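Following: one structure in structure tokens, then a few remarks.
Proteins get letters first, then strands, A, B, ... in listed order; numbering begins at 1 in each. All figures in this text were calculated on a predicted structure; none of them were measured in a lab. What's counted below: heavy atoms across the whole structure, side chains too, no hydrogens, waters or symmetry copies.
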Amino acid sequence: MARYNPKETEPKWRQAWADADAFRAEIDPARPKYYVLEMFPYPSGRLHMGHVRNYALGDVIARFKRARGFSVLHPMGWDAFGLPAENAAMERGVDPRAWTYDNIDRMRAELKQLGLAIDWSREFATCDVEYYGQQQALFLELFDRGLVYRREATVNWDPVDQTVLANEQVVDGRGWRSGAVVEKRKLNQWFFRITDYADQLVDDLATLDRWPDKVRLMQENWIGRSKGLRFTFPFDEPPFAEFAHGIEVYTTRPDTLYGASFVGIAPDHPLADLVAQSDPKAAAFIEKCRHGAVSEAEIETQEKEGYATGLFVTHPFDPDWKLEVWIANFILMDYGAGAIFACPAHDQRDLDFARKYALPVLPVVLPPGEDPATFDVEDEAYVGPGAIYNSGFLDGLDIETAKERAIERVEAQGQGHGATVFRLRDWGVARQRGWGCPVPVVHCEADGVVPLPRSALPVELPKDLEFGKPGNALARHPTWKHTTCPTCGGPATRETDTLDTFVDSSWYFARFTDPTAAEPIDRAAADYWMAVDQYIGGIEHAVLHLLYARFMTKALADAGRLSVREPFAGLFTQGMVTHETYRRQNGDWLEPAQIELTVEGKTRRAKLAETGEPVVIGDVEKMSKSKRNTVAPEEIFDVYGVDAARLFVLSDSPPERDVQWTSGGVQGAWRFVNRVWDEFDSQPPGDVGAAVGPVAGDEAAQGLRVASHKLVKAMTEAIETFRFNSGIARLYEFLNLLKAHPAKGASEGVLVARQEALSAFARLIAPFTPHLAEECWARVGGQGMVVDAPWPAFDPALTADAERILPVQVNGKRRGEITAPAGADAAEVEKIVLDDPEIARRLEGLTIRKVIVVKDRIVNIVAA
RNA sequence: GCGGGCGUGGCGGAAUUGGCAGACGCGCCGGACUCAAAAUCCGGUUCCGAAAGGAGUGUCGGUUCGACCCCGACCGCCCGCACCA
């Protein structure tokens, strides 16, 4: 058997594709367009199996759509700014720019080895000044449109690394890299007004019907829109001039206003501050809250505590009803109004608090079936549906109607209004880092914050930044920040903050449509290519990147730069690549390559290959350096070739689920590659174009032909529905069928059917194993290259069986099968069934009560 | 705590969405080839049973002629959010 040699064939075909410029994306109004994009990589320097899977997935789509006649855009770039480069600089004394571009060179070579159908002419890195200069232009446009602002904000400050950290970079109250306890600091920060788009960002989720429900739900929860009532409780005698009008609160349950027990304010509420000025006990309580829990685990278990201020406000529906004002540790200043009215009977937090301080608990929602005279709330607040009672003008209403009436009444009284509140906050985009996109503004003593004119762009990073120590290399550069004010010409200082790297990735997909345009986005190119038809990446970006990109797209659409309002029409979130973990008895992690596995019965054992020392087989986990359970792609490519590696990561699990890397699995894929090649190699040379000769009367040949047409149909559907693993299983199945109809000694008809089947097969495997496909295609005399060949068609007349084999059940248990014409009606089928001797034997001594026939599917006889 | 998802052979997973459970691959067992091993090829492989047959999709119950699929309760695992009023 001729062994397939990927080391020879794979580079050969990659060169052929490159020579033919096969994957250049062209605007072609005559063809439908398809934009497929995988989330672009951070240039860490090394390709890992996760990349292989991500890009192989996208490549299947790109190649498939291309074969289906689409004009395909499938680009690649680099998310190249960010902390790792600065850390490398600090640890190894290298220049972040050189480090990053070196990594890009290395990873580009590895990615190209994967044989991806990518238009490399569109490649760019976000750290290219040609890119971030355009980003600065977009920043200024957003600034002009009032979507950028600067304010003082509390931030997570890492005192060792001397930078602001994003919330997700704070782990249990400590900086993820330095391990230092993170401080809350007030800093002037740049913000994008993403909250302006909060409503749209929620509403438009409904249009994203090719997104996973899970991601849409996560975004919806993250944005956290709630509708309610914002209103003011007046003081009888205002204690402070600042609160002459009263206390503003926010509630989503205005229907429960008659169940009010007290009014609560956050410990950092301005009113609490005023109270504390003349009340040392209040000051002490507030101080205590400030030093309270930081970590999530602590917050969860923290007891509710409060301090009664001695101040009283008036209930909006009853001037004689006075409610005391408490400072409470469970109220958040930065949500709603930072103050609430408490209804303990119907809110668990309020109830916990009320029980602790012996405050009134007044039920006002009566659960269905409960008696108003006896219903009471003990330790569990009632939050279900019911009828309002004990509530004056709201009595008898359902909850939703009561909410409306209560809001109407409060509005009529001029005390407040219905309001929508979001959990989403504005996007803090400033980072005190040197390796990022500079914010294009200057600070002038006379004119304040001054945005630069377009002519001053790009604001380029200096080449000689010094990254040897923590902190912002840009801020400490001796000369860079000194400049003149574009307004008054006087001395000014450049902004030394750079933009969050999520800004870089919030519009790169639009830049790919014309990466060399003089404008940030070429409108015509974007109008042709956008939106991305299929976006592919990890679930970890479910909110952050995917939300930011949606916001930016809407903002750019409003700025007249894009026509679409959503960037990604289809989203697919793929699973991770995992591997078993191995540990020595002492707990040290071991690499898969050091392990020898044995099987005893059903038990798998592992030992250290070198010494025979027993090894503990641990959980299957995401490949990671720290657990040493990684497998280097280049080593796999070297042994089995790229196609086998691609095939395996696509074949073993559904794409949305994690795939477990196993050496046995990739060997199975390698075996398939060889078996495929062997099959093509055994076929006598023929002409694909002529391979539609008659096979009539040759049952074996006809069977093979029918199977091959069914395969084409199944593969087409499998790819369109992202069920690649099932599709690949069909390829394996069909290969086994080909093996059962070998070319050697085959009839004329079988040879013709084989030729036709092989022609289709070469094209069907092309999205998964493109190099092998070309080699096979050439072997059976295919015209040109597979990349230029159309997707095979199937004949519906052949895929629809004339006869069906129907299983026959008696009382739900399978007792035999019959053959019936396709589409046969119940009476016809029943006759065949009852004539069947095997079925008759099974029915001996039984009385038939009913015969159920499901057309073309199954027969069930109910008998007793 | 709230929200979402998932439980199928020794393992990864199939099952046309209410119609033959276990496709395909891995592993394992047996055989062929070989002096031998590897590779390759052929066959077997849910469990119990010699067979006939029976049981079986986390557990218990329900709907149905028929349930991995739908409903209810429970158990277990995973993910997201986390005092959001």
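Contact annotation: R675(A) reaches the phosphate of C41(B) (side-chain N/O to OP1 or OP2, under 4.0 Å). In terms of phosphate contacts, R671(A) brings a side-chain nitrogen or oxygen within less than 4.0 Å of OP1 or OP2 of C26(B). A sub-4.0 Å separation between OP1 or OP2 of A85(B) and a side-chain N or O of Y335(A) is present. A sub-4.0 Å separation between OP1 or OP2 of A14(B) and a side-chain N or O of R657(A) is present. For N725(A) and A23(B), the shortest distance from a side-chain N or O to OP1 or OP2 is not below 4.0 Å. The phosphate of C20(B) (OP1 or OP2) has no side-chain N or O of K813(A) nearer than 4.0 angstrom.
With pairs defined as Watson-Crick or G-U wobble and both atom distances under 3.5 Å, the stems of at least three pairs that touch RNA chain B come out as B:1-7 with B:75-81, B:10-12 with B:24-26, B:27-32 with B:40-45, B:46-48 with B:53-55, B:58-62 with B:70-74.
Between D347(A) and R253(A), none of the side-chain N atoms (NZ, or NE/NH1/NH2) sits under 4.0 Å from a carboxylate O, so this pair counts as no salt bridge. A salt bridge is defined here as a Lys NZ or Arg NE, NH1 or NH2 lying under 4.0 Å from an Asp or Glu carboxylate O, and E220(A) with R225(A) fails to meet this definition. Salt bridge absent: D825(A) and K855(A) never bring a charged side-chain N and a carboxylate O closer than 4.0 Å.
Set against G19(B), G13(B), C84(B), the side chain of Q809(A) has G19(B) as its closest nucleotide. Candidate nucleotides G12(B), G19(B), C84(B) were compared by shortest atom distance to the side chain of I858(A), and G19(B) ranks first. Among the nucleotides A14(B), G3(B), C20(B), the one closest to the side chain of N221(A) is G3(B).
No N or O donor and acceptor, one from the side chain of R423(A) and one from the base of C84(B), sit under 3.5 Å apart. Counting atom types as modelled, K304(A) pairs a side-chain N or O with a base atom of C83(B) as donor and acceptor under 3.5 Å.
Open room surrounds NZ on K713(A); 12 or fewer heavy atoms of other groups in view lie less than 6.0 Å from it. The local environment of NZ in K622(A) is sparse, with at most 12 non-hydrogen atoms from other residues, nucleotides or ligands closer than 6.0 Å.
The separation of U46(B) from G13(B), taken at their C1' atoms, amounts to 14 Å, rounded to a whole angstrom. Here the separation of G9(B) from C68(B), taken at their C1' atoms, is 14 Å to the nearest Å.
Among the heavy atoms of the strands, none lies under 4.0 Å from G336(A).
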message: Does S708(A) form a side chain to side chain contact (heavy atoms under 4.5 Å, CB included) with F761(A)? I'd like the steps, not just the answer.
response: CA-CA 8 Å; S708(A) 73; F761(A) 198 79; over 6 Å; no
